[in-house]
**Q** 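Once you've had a glance at the structure underneath, I'll fire off some questions.
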Amino acid sequence: MAKTETDVSCVAFLPTKFTLDEWHLNNQFRYRCSEAQRELSDRLLAEAMLACESAGEIVKDNKEETDHRLLEKLNDVEFRKGELLRIRKDNVLEIDALSVYKERITDTLKSVKRNASVICEKCLAAREGRLGIDLVHDDVERSLLKEREVIQRAENLLDRILKETCEQIRKLKATLYHIDQDLKNKESNLCIDRRNVTLRETDFNLSPCHRTSCIDKSGIMLNEWEQQTNSNVIGAYKEVNGTQQLRNYIDTIIKQTIDDLNKQKDVTNEAFRQRIEETREAKIKLELEHSEIIKQVTAMSSNIMHIKKSIADKEGYMALAHTRLDHRCQRPGIELTQDLVEANLVKEIHELRNIAANLQRMLCEAEASLRYLLKTQIQLEEDINVKTNTLKIDEVECMTLRQSMAYHAY
């Protein structure tokens with residue numbers, strides 16, 4: 001049994017014998033396999049070479065296209081930056097110019113409020129101090145009231161224009177802020193893309209990490225970007241044009257306002273001059289009349305004294321005639337006749353009585369006339385004082401005040 005197992009193991013390790021045909025077939029198979037592998041390797045080498053060449057061209061074309069797009073983008077951003085800088089310059093110039101116009105309006109408004117309005121009110125208040133008949137609603141008062149109305153209207157208009165100017169300056173500054181923000185973003189964009197243009201694939205500072213999160217990161221469309229800058233430029237041009245129109249309007253308003261104020265001032269001053277001339281003429285006439293009244297008073301006083309003296313003189317003649325008549329009434333008997341002497345004495349007494357009565361009447365009239373003359377003298381003096389007071393108010397106080405009333409188109 002043991003011998004049999006030993007024989008079997010010996011038989012298992014005997015080398016296999018192949019036939020000659022099998023040997024030829026195996027060699028042919030190896031040749032064909034080797035040839036196939038060589039052909040596959042050659043095809044792969046050719047495909048790899050072609051793929052590398054194609055990839056190089058694609059990468060080169062893509063880089064060139066990207067560089068071209070970057071340069072286009074830089075030019076576009078530079079152009080838009082230039083537009084923003086130009087309109088920013090215009091915006092800044094308009095802010096400065098409008099600020100000057102704001103100062104002009106403010107100075108004009110202060111001049112009207114602190115100068116013209118105050119003087120007009122002082123003139124109206126001073127003329128309330130006129131006395132008697134001179135406290136009249138004349139052309140001067142109407143002109144002053146009209147002047148106050150014109151001044152108030154000018155104040156309201158200048159106040160409104162000042163508010164509009166301040167609002168326009170605010171709009172310009174807001175526009176300038178948006179332009180500056182846009183320019184800041186454009187400058188950052190230019191810095192980034194200028195650096196991108198200078199980068200080369202052989203540079204050592206390239207990012208080794210390829211993050212997919214950087215792809216399609218921007219959520220803003222190109223038309224939105226363009227619209228944003230266009231809106232800033234168009235809005236700035238609109239505000240600049242609006243500011244230029246506002247400045248032209250301010251020039252017109254200030255000139256028109258100053259012309260209206262000067263015109264009304266001249267009208268009021270002319271009314272003052274005419275009224276002063278009228279008052280002075282009336283005062284001169286009153287003074288002349290007063291002088292004549294004084295002469296009349298003097299003459300009438302002398303006349304009264306003369307009449308009184310004449311009456312006194314006639315009383316002597318009257319006493320003489322009565323005495324003579326009384327004496328002749330004492331004639332005795334037949335001598336008590338109605339002769340020519342008695343008739344003449346009676347006639348003399350009657351005439352003396354008539355003369356005395358006439359003189360007394362004339363004395364009463366002269367005294368009454370003197371009283372009226374003195375009363376008229378007092379009235380004239382009062383009227384002269386009234387005219388003097390009016391001239392002091394109109395010519396001295398008001399016209400002196402109005403000399404400092406000056407309007408300037410600042």
Side-chain angles (χ1 to χ4, degrees), residues 101-165 249-290 378-410:
Y101 273 70
K102 177 184 174 182
E103 293 179 0
R104 288 179 58 196
I105 298 172
T106 303
D107 292 339
T108 304
L109 188 58
K110 287 180 180 178
S111 174
V112 172
K113 285 184 176 180
R114 297 181 180 178
N115 184 7
S117 181
V118 172
I119 290 174
C120 182
E121 292 295 339
K122 285 183 177 180
C123 288
L124 285 169
R127 298 193 90 241
E128 292 298 318
R130 292 173 294 168
L131 302 173
I133 192 63
D134 277 18
L135 190 60
V136 61
H137 184 61
D138 52 9
D139 289 340
V140 175
E141 185 170 350
R142 282 188 287 271
S143 296
L144 282 171
L145 292 174
K146 178 65 176 178
E147 185 173 65
R148 182 170 66 180
E149 179 183 341
V150 172
I151 291 172
Q152 186 60 50
R153 189 164 60 245
E155 288 180 7
N156 295 336
L157 180 59
L158 291 173
D159 273 328
R160 180 173 63 82
I161 295 300
L162 181 60
K163 291 178 182 178
E164 290 181 9
T165 302
Y249 178 64
I250 291 172
D251 284 330
T252 303
I253 288 299
I254 289 179
K255 184 179 182 303
Q256 180 181 346
T257 301
I258 296 303
D259 289 344
D260 291 343
L261 290 170
N262 278 320
K263 180 180 178 181
Q264 184 58 43
K265 182 186 76 172
D266 293 340
V267 169
T268 305
N269 287 344
E270 181 62 26
F272 263 109
R273 281 190 288 271
Q274 291 181 1
R275 187 59 179 165
I276 289 169
E277 186 64 26
E278 290 175 355
T279 305
R280 184 179 290 111
E281 289 179 359
K283 179 174 177 287
I284 291 173
K285 289 180 179 180
L286 289 171
E287 288 173 343
L288 292 174
E289 190 64 26
H290 180 264
I378 294 172
Q379 290 175 343
L380 287 173
E381 289 173 352
E382 289 177 353
D383 286 343
I384 290 171
N385 290 334
V386 167
K387 298 296 182 290
T388 302
N389 178 70
T390 301
L391 286 173
K392 176 178 177 294
I393 291 172
D394 285 350
E395 187 173 22
V396 179
E397 295 181 18
C398 292
M399 290 306 291
T400 301
L401 280 171
R402 296 184 67 80
Q403 286 178 359
S404 61
M405 181 184 283
Y407 300 107
H408 302 288
Y410 291 90

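In this text the structure is predicted, and so the values were computed from the model without any measurement. Scope of the values below: all heavy atoms of this structure, side chains included, with no hydrogens, waters or symmetry mates.
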**Q** Which of these, Asp134, Thr390, Asp138, sits in a side chain to side chain donor-acceptor pair (under 3.5 Å) with Arg127?
**A**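 Option passing the side chain to side chain donor-acceptor pair (under 3.5 Å) with Arg127: Asp138.
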**Q** First locate atom CG of Asp159, then atom CG of Leu109, and finally report the distance between them rounded to the nearest 0.5 Å.
**A**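 Rounded to the nearest 0.5 Å, the CG-CG separation comes to 5.0 Å.
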**Q** Strictly below 4.0 Å, N to O, side chains only: are Asp107 and Lys110 in salt-bridge contact?
**A**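 The answer is no: the pair does not qualify as a salt bridge.
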**Q** What I want to find out is whether Arg160 reaches Glu164 closely enough, with some N-O distance under 4.0 Å, to be called a salt bridge.
**A**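 A salt bridge is present here (some side-chain N lies under 4.0 Å from a carboxylate O).
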**Q** Does any non-hydrogen side-chain atom of Val396 lie less than 4.5 Å from one of Leu391?
**A**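 They are not in contact (no side-chain heavy atoms under 4.5 Å apart), so the answer is no.
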**Q** Kindly indicate whether the side chain of Thr257, heavy atoms from C-beta on, has any atom under 4.5 Å from the side chain of Thr108.
**A**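 Not in contact.
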**Q** Find out whether Arg148 and Leu145 are in side-chain contact, i.e. whether some heavy atom of one side chain is under 4.5 Å from a heavy atom of the other.
**A**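 A side-chain contact exists here, since the closest heavy-atom pair is under 4.5 Å.
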**Q** Mind listing the closest non-hydrogen atom pair of Arg130 and Ile393 along with its distance?
**A**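 Result for this residue pair: N-CD1, 3.5 Å.
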**Q** Verify whether one side chain among Gln152 and Asn156 offers a donor that lies under 3.5 Å from an acceptor in the other.
**A**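 Judged by distance alone, the side chains do pair up.
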**Q** Which heavy atom of Ala406 sits nearest a heavy atom of Ser111, and at what distance?
**A**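 Closest pair (atom of Ala406, atom of Ser111, distance): O-OG, 3.7 Å.
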**Q** Where is the tightest heavy-atom contact between Ser143 and Thr268, given as atom of each residue plus distance?
**A**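 Taking Ser143 first and Thr268 second, the nearest heavy atoms are O-OG1, 3.4 Å.
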**Q** Between the side chains of Glu155 and Lys113, is the shortest nitrogen-to-carboxylate-oxygen separation below 4.0 Å, so that they form an ion pair?
**A**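 Between Glu155 and Lys113 there is no salt bridge, as every charged N stays at least 4.0 Å from the carboxylate O atoms.
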**Q** With the side chain counted from C-beta on, respond yes when Leu261 and Gln264 share a heavy-atom pair under 4.5 Å apart, and no when they do not.
**A**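 No, side chains not in contact.
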**Q** Take Arg104 and Asp251 through the test side-chain contact (heavy atoms from CB on, under 4.5 Å) and record every step on the way to the result.
**A** CA-CA 10 Å; Arg104 288 179 58 196; Asp251 284 330; 2.8 Å; yes
**Q** As a test of understanding, state which of Lys392, Lys283, Glu382 forms a side-chain contact (heavy atoms from CB on, under 4.5 Å) with Lys387.
**A**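 That would be Lys283.
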**Q** Between Lys265 and Asp260, is the closest basic N to carboxylate O distance under 4.0 Å?
**A**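 No.
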**Q** Measure the CD-CD1 distance between Glu103 and Ile105 for me, rounded to the nearest 0.5 Å.
**A**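 Rounded to the nearest 0.5 Å, the CD-CD1 separation comes to 10.5 Å.
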**Q** Identify the two heavy atoms, one from Ile276 and one from Met399, that lie closest to each other, and give their separation to 0.1 Å.
**A**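 Reported closest heavy-atom pair: CD1-CG, 3.8 Å.
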**Q** If every non-hydrogen atom of Asn389 is compared with every non-hydrogen atom of Gly129, which pair is closest and at what distance?
**A**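 Result for this residue pair: ND2-O, 3.1 Å.
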**Q** Give a yes-or-no answer on whether the side chains of Gln274 and Glu278 include a donor-acceptor pair shorter than 3.5 Å.
**A**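 No, Glu278 and Gln274 have no side-chain donor paired with an acceptor closer than 3.5 Å.
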**Q** Taking all non-hydrogen atoms of both residues, which atom of Ala271 and which atom of Val140 are closest, and how far apart?
**A**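 Between these two residues, the closest heavy atoms are O-CG2, 3.2 Å.
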**Q** What's the spacing between Ile151 CD1 and Lys146 NZ if we round to 0.5 Å?
**A**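 The CD1 atom of Ile151 sits 12.0 Å away from the NZ atom of Lys146.
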**Q** Quick one: which of Arg280, Arg273, Arg275 gives a salt bridge (Lys or Arg N to Asp or Glu O under 4.0 Å) with Glu277?
**A**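 Passing option: Arg280.
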**Q** Using side-chain heavy atoms (C-beta onward) and a distance below 4.5 Å, is Tyr101 in contact with Ile254?
**A**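 They are not in side-chain contact.
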**Q** Is the shortest distance from a Lys or Arg side-chain nitrogen in Asp259 or Lys255 to a carboxylate oxygen in the other one below 4.0 Å?
**A**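 Yes, Asp259 and Lys255 are salt-bridged.
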**Q** Just how far is it from atom CG of Leu288 to atom CG of Leu380, taken to the nearest 0.5 Å?
**A**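 So the gap between those two atoms works out to 11.0 Å.
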**Q** Supply the atom-to-atom distance Cys123 SG to Leu401 CG, rounded to the nearest 0.5 angstrom.
**A**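 It is 5.0 Å, given to the nearest 0.5 Å.
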**Q** For Arg402, is there an ion pair with Glu147 - N to carboxylate O distance below 4.0 angstrom?
**A**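 Salt bridge: yes.
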**Q** When you measure from the side chain of Arg142 to the backbone of His137, do you find a donor-acceptor pair of N or O atoms at a distance under 3.5 Å?
**A**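 Checked: pair present.
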**Q** Is the closest side-chain heavy-atom distance between Asp383 and His290 below 4.5 Å?
**A**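 Side-chain contact under 4.5 Å: no.
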**Q** Could you tell me whether Lys285 and Glu289 make a salt bridge, using a distance below 4.0 angstrom between a side-chain N and a carboxylate O?
**A**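 Glu289 and Lys285: not salt-bridged.
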**Q** Just verifying a value: how many Å separate Asn262 CG and Met405 CE, rounded to the nearest 0.5 Å?
**A**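 Interatomic distance, Asn262 CG to Met405 CE, rounded to 0.5 Å: 10.0 Å.
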